[in-house]
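Below is one structure; the comments refer to it alone.
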Number of protein chains: 2
Amino acid sequence: MYKISKQREWIYTYMLEHPGQHFSAEDIFAGLNEMGKTVSLATVYRNLKILQNEHRIGSLMLTSGKQVFDQTCRPHDHLICTHCHRVYDVDMTYDRSLERKAENQLQLPIESHSLILYGICADCLKER
Amino acid sequence: MYKISKQREWIYTYMLEHPGQHFSAEDIFAGLNEMGKTVSLATVYRNLKILQNEHRIGSLMLTSGKQVFDQTCRPHDHLICTHCHRVYDVDMTYDRSLERKAENQLQLPIESHSLILYGICADCLKER
DNA sequence: ATAAATGCAAACCTTTTGCACCCTA
DNA sequence: TAGGGTGCAAAAGGTTTGCATTTAT
């Protein structure tokens with residue numbers, strides 16, 4: 001179905017090579033072009049959507065309404081720093097039993113959940 | 001500082017009169033105009049922002065990137081139905097101790113959190 | 001050869017803003 | 001009567017789409 005295009009591989013590789021970061025389409029567009037790998041913004045958007053459909057990457061909608069993409073689509077929580085506004089992946093706190101607990105409390109089937117923690121990240125904490 | 005304008009009261013009252021619902025600016029714009037209360041969309045947006053700054057209402061960014069507004073800004077969770085995509089307020093599951101638990105696990109100060117549960121709402125469950 | 005992918009520009013959607021006019025304290 | 005507030009239309013973001021061209025299989 002899909003062909004292997006160099007642009008799609010650039011985009012995916014770019015994400016894997018920056019672990020822990022969360023990118024907007026614009027970030028990836030700018031990052032690749034700086035490396036001399038010319039891609040159009042439309043292609044970045046199209047491929048991010050394809051990679052997501054293939055479950056190779058995940059995404060997150062920020063309260064600003066901007067979408068950012070994640071290297072992985074494995075279930076995990078996020079920490080958003082209230083100082084620098086960076087987004088971090090957090091595996092340690094991820095707790096599937098929240099869903100069972102909610103099911104019991106609400107008496108409704110719960111399939112998944114999304115938890116965002118707001119606090120101060122390690123970097124910002126160090127700087128003070 | 002702020003003056004009482006009839007438009008602002010219409011908007012706020014409209015939200016209070018539809019408890020449990022979550023509105024986009026467009027929803028409120030359309031709803032009020034249907035009632036013969038003419039408001040411009042720009043005024044709806046401006047006033048929703050003001051009401052939010054005054055902590056009279058809350059808001060939530062959906063994964064679609066659309067912002068919806070909530071009658072209250074008291075901390076609570078949300079249930080999003082994976083069938084009808086309606087958004088529900090959920091107080092029963094809200095658990096501030098998640099923040100203390102995360103603080104211990106991450107060793108970082110956590111100020112707040114946001115939990116969205118994805119499942120089947122009571123209405124959709126009934127229909128099957 | 002042909003189905004898929006790309007680049008470009010135009011279109012879209014939601015939200016914000018500038019400005020002239022209006023209204024409320 | 002002054003400083004908010006409103007409506008309108010234009011602008012601003014971010015994302016998607018149409019179309020002609022290029023590329024992988």
Side-chain angles (χ1 to χ4, degrees), chain A residues 1-15 21-70 73 80 85-87, chain B residues 1-15 21-70 73 80 85-87:
Chain A
M1 158 154 200
Y2 288 127
K3 295 184 183 178
I4 294 168
S5 79
K6 59 179 198 282
Q7 282 85 349
R8 179 139 61 244
E9 287 312 308
W10 288 347
I11 290 165
Y12 186 55
T13 304
Y14 184 84
M15 292 184 70
Q21 286 189 230
H22 294 77
F23 306 94
S24 67
E26 197 76 46
D27 291 336
I28 294 172
F29 169 72
L32 286 176
N33 283 308
E34 268 172 32
M35 298 166 64
K37 297 182 171 170
T38 51
V39 201
S40 75
L41 187 53
T43 294
V44 174
Y45 274 109
R46 273 189 287 240
N47 280 298
L48 287 170
K49 190 158 282 186
I50 289 170
L51 290 167
Q52 218 180 343
N53 290 344
E54 293 178 332
H55 305 287
R56 296 213 273 161
I57 64 172
S59 80
L60 183 67
M61 185 60 68
L62 305 183
T63 47
S64 64
K66 277 182 201 161
Q67 192 177 202
V68 292
F69 295 85
D70 211 322
C73 62
I80 300 184
H85 304 104
R86 269 176 291 191
V87 181
Chain B
M1 159 152 196
Y2 289 126
K3 295 186 180 177
I4 295 168
S5 79
K6 60 179 195 290
Q7 283 84 347
R8 177 137 63 244
E9 287 312 308
W10 287 347
I11 291 166
Y12 187 55
T13 305
Y14 184 83
M15 292 184 70
Q21 287 190 228
H22 294 78
F23 306 94
S24 67
E26 196 76 45
D27 291 337
I28 295 172
F29 169 72
L32 285 176
N33 283 309
E34 267 171 33
M35 298 165 65
K37 297 182 171 170
T38 51
V39 202
S40 73
L41 187 53
T43 294
V44 174
Y45 274 108
R46 274 190 286 243
N47 280 299
L48 287 170
K49 190 158 282 187
I50 290 169
L51 290 167
Q52 217 179 343
N53 290 343
E54 292 176 332
H55 305 287
R56 294 213 273 161
I57 64 173
S59 79
L60 183 67
M61 184 60 67
L62 305 183
T63 48
S64 65
K66 278 183 199 159
Q67 189 177 21
V68 291
F69 295 85
D70 210 324
C73 61
I80 300 184
H85 304 105
R86 269 176 292 191
V87 181

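In what follows, every heavy atom counts, from backbone to side chain, and hydrogens, waters and symmetry copies are set aside. Lettering follows sequence order; numbering is per chain, from 1.
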Practice item. Provide, to the nearest angstrom, the distance between the CD atom belonging to A:Gln52 and the C1' atom belonging to D:dT16. Key: 15 Å
Review point. Once you round to the nearest 0.5 Å, how far does CG of B:Leu51 lie from CD1 of B:Ile57?
Key: 4.5 Å
Exercise for review: Find the distance A:Gln67:CD to C:dT14:C1' and express it as a whole number of Å.
Suggested key: 15 Å
Exercise for review: To the nearest Å, give me how far apart CZ (B:Phe23) and P (C:dT15) are.
Suggested key: 15 Å
Pairs under 3.5 angstrom, nitrogen or oxygen only, protein versus nucleotides 2-8 of chain C, please.
residue, atom, partner, partner atom, Å
C:dA3, N3, A:Lys3, NZ, 2.5
C:dA5, OP1, A:Lys3, N, 3.2
C:dA5, OP1, A:Arg8, NH2, 2.7
C:dA5, O3', A:Ser5, OG, 3.3
C:dT6, OP1, A:Ser5, OG, 2.8
C:dT6, OP1, A:Asn47, ND2, 3.3
C:dT6, OP2, A:Asn47, ND2, 3.2
C:dT6, O3', A:Gln7, NE2, 3.3
C:dG7, OP1, A:Gln7, NE2, 3.4
C:dG7, OP1, A:Thr38, O, 3.4
C:dG7, OP2, A:Ser40, N, 3.0
C:dG7, OP2, A:Ser40, OG, 3.1
C:dG7, OP2, A:Thr43, OG1, 2.6
C:dG7, N7, A:Arg46, NH2, 2.9

Practice item. Take atom CD of A:Glu26 and atom P of D:dT16, then tell me their distance rounded to the nearest Å. Key: 13 Å
Exercise for review: Mind checking the OG-CG spacing from A:Ser24 to A:Leu62? Nearest 0.5 Å is all I need.
Suggested key: 9.5 Å
Practice item. Taking the side chain as every heavy atom from C-beta outward, state whether A:Asn53 and A:Lys49 have any pair of such atoms under 4.5 Å apart. Key: yes
Check your understanding: Rounded to the Å, how far apart are B:Lys66 NZ and C:dC12 P?
Key -> 16 Å
Review point. When B:Tyr14 is tested against each of B:Phe29, B:Phe69, B:Phe23 for ring-ring contact (aromatic ring centres under 6.0 Å, His included), which residue passes?
Key: B:Phe23
Check your understanding: Rounding to a whole Å, what distance do you find between B:Asn53:CG and D:dG5:C1'?
Key -> 16 Å
Point to revise | Which residues share a salt bridge (charged side-chain N to carboxylate O under 4.0 Å, His left out) with B:Glu9, sequence neighbours left out | key: B:Arg56
Point to revise | Distance, rounded to the nearest Å, where A:Leu62 contributes CG and D:dG13 contributes P | key: 17 Å
**Study point:** Any A:Tyr45 side-chain N or O less than 4.0 Å from OP1/OP2 of D:dT16
**Key:** no
Review point. What's the CZ-P distance between B:Phe69 and C:dT14, to the nearest Å?
Key: 13 Å
Point to revise | Inter- and intrachain pairs under salt bridge (Lys or Arg N to Asp or Glu O under 4.0 Å), touching residues 25-48 of chain B, at least two apart | key: none
